[in-house]
There are 2 protein chains.
Amino acid sequence: MDGRPATDQTSPWMPFENRRRARDEKREAVLRTAVQLFLEQGYHRATLNEVAERLNITKPALYNYFRSKEDILFECWALGQEQVDGFIAAIDGSRQAGLGKLRALVHSYAETMATDFGASLVRFDPRDLSPANAKIVRAAKRGIDQTFRRYITEGIADGSIKPCDPKMAAFAIAGSLNWIGHWYQRGGALTPDAIADDFAERLTEGLATARSNKPRPKKPATKTKKSTTKAPTPRRTK
Amino acid sequence: MDGRPATDQTSPWMPFENRRRARDEKREAVLRTAVQLFLEQGYHRATLNEVAERLNITKPALYNYFRSKEDILFECWALGQEQVDGFIAAIDGSRQAGLGKLRALVHSYAETMATDFGASLVRFDPRDLSPANAKIVRAAKRGIDQTFRRYITEGIADGSIKPCDPKMAAFAIAGSLNWIGHWYQRGGALTPDAIADDFAERLTEGLATARSNKPRPKKPATKTKKSTTKAPTPRRTK
DNA sequence: GGCTTATATTACTCATGGGTAAGAAAAAGT
DNA sequence: ACTTTTTCTTACCCATGAGTAATATAAGCC
């Protein structure tokens, strides 16, 4: 994981890069621990003392990496949102009918809901955020909702989806998906993969037109699952 | 506000009854105010001071009616749960196929989600409750989930519902419904009635067998809505 | 009226936990 | 080795809000 050229005193930049990388790794470690604890106990019951304890440091050390508890909460949310932005961009860029895009969206979203940062998108309360951050979150949520509606509208236009109310359909689908974030837990009987496959089919079959109703791939469990929505998500810069 | 028959010394019971009734009314007023505030701001941000303020009393006065903040939270939840218990009992007692029961359940549940106490079922966090109360809540949630699965299983058995995985189907449906509690708000474009009708159809159409696919009643908006699940729910004793 | 009980208020206690100050320890730079 | 910067700790501060004690007020009751 560390194939640097040499022990070199040659480049005074290397240690610098090293340092920044170490810092970012620690930052991420804090977020991973925090998101877990927040999900486990709820944001208000979770204390920074315990976050720190789990990292074998003390509370004030956290303030080297984050400005406040709320800041940590927001960053957790942001990581989840990045995932979503990533696969939405990928699907947007794909060339397929509305129904196909919708299916892809449902699939990816379901998988995301089964991750910690993904679940934080729906388990965290925007009201715990500063007005500025809450605004960002609200905008992002609106964006997701509009993506659902857009694919549905597209599908109706291209004939792959039956005419229906995109607003209601989007609410119903997103509700099912968001709820995954509340009931899914690792090690349960259902794997994220199975859930995503099932939901992608279940939540869209009612919308498909007769002609677009493909004869059910009936995937023979050959683990065709290859790309777990590898999205070109650019790392945040700030 | 005080239409008592007379100044009567005739019945010493009446004042007593009056008093008890007045007390219960105040209790309920507290719960109505509390549930609103809890939904508005979230349980942790909402203070008993503000609950009291909205009732034009002071915080300690609340302790005449409730033992603790958590007690209030639990009672709010319990009122919502009573509604659910009520209509589940009614549907259980009805004589119809599994699909019909499921539709009825979805419809009633959707309506309930659009009420304050109903929303509290999914917006409140059981982890805020004492272990004893949390246990009650968990049991109730399990009960609801099992009811969904039971109707689906019944439907499969009686041929009104296509063979499917009841667990997944229940999760998907309940998720859509629960999410209503998060996005619905009074005065919006969608009325509880419209939502309930739409969801009852939307969430069950995918499960219906061909033969059970009734030709869509197309209710002429005659406000057939009469009994809002008047349930024989006995008032809690303790 | 006077006695009792219910209900409300004012004025507190007190645990909790986010956040800060001052300085030690470790690492980087020279 | 010495200095400087980053990172972390110990020891605090302090706002908040649930819950309590003591007491006043009002209502029911005889």
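Protein chains get the first letters and strands the later ones, always in sequence-line order, with residue 1 at the start of each.
- Within the 4.0 angstrom heavy-atom criterion, only backbone atoms of the sugar-phosphate kind lie near B/Tyr65; the bases stay farther away.
- When rounded to the nearest whole Å, the span between OH of A/Tyr63 and P of C/dG19 equals 4 Å.
- Near DNA chain D, meaning a heavy atom under 4.0 Å away, the residues from residues 32-59 of chain A are A/Ile57, A/Thr58.
- Which of D/dA18, D/dT7, C/dG19 sits closest to the side chain of A/Asn64 comes down to D/dT7.
- Between A/Arg127 and A/Asp125 a salt bridge is recorded (basic side-chain N to carboxylate O distance below 4.0 Å).
- Protein atom CD of A/Glu25 is 16 Å distant from nucleotide atom C1' of D/dT7, rounded to whole Å.
- Of the candidates D/dT20, C/dA8, D/dC8, D/dC8 carries the atom nearest the A/Ala61 side chain, counting heavy atoms from C-beta on.
- Which of C/dG19, C/dT7, D/dG19 sits closest to the side chain of A/Ser68 comes down to C/dG19.
- Salt-bridge annotation for B/Asp92 and B/Arg150: present, with a side-chain N of the basic residue lying under 4.0 Å from a carboxylate O of the acidic one.
- In this entry the distance linking NZ of B/Lys69 with C1' of D/dT16 reads 11 Å, nearest Å.
- In this model, a donor atom of one side chain and an acceptor atom of the other lie less than 3.5 Å apart for B/Gln81 and B/Asp85.
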Does the salt bridge (charged side-chain N to carboxylate O under 4.0 Å, His left out) test come out yes or no for A/Lys141 and A/Asp145, once each step is laid out? CA-CA 6 Å; A/Lys141 283 186 191 299; A/Asp145 180 45; over 6 Å; no

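- The shortest distance between the side-chain N/O atoms of A/Arg23 and the OP1/OP2 oxygens of D/dT7 is below 4.0 Å.
- Remark: P of D/dA18 and CD1 of B/Ile72 are 9 Å apart, rounded to the nearest angstrom.
- Taking only side-chain nitrogens and oxygens, B/Lys26 comes nearer than 4.0 Å to OP1 or OP2 of C/dA8.
- The existence of a salt bridge linking A/Glu40 and A/Arg186 is excluded, since no basic side-chain nitrogen approaches an acidic carboxylate oxygen closer than 4.0 Å.
- Relative ring orientation between B/Trp183 and A/Phe171 is described as parallel, the plane-to-plane angle staying below 30° on a 0-90° scale split at 30° and 60°.
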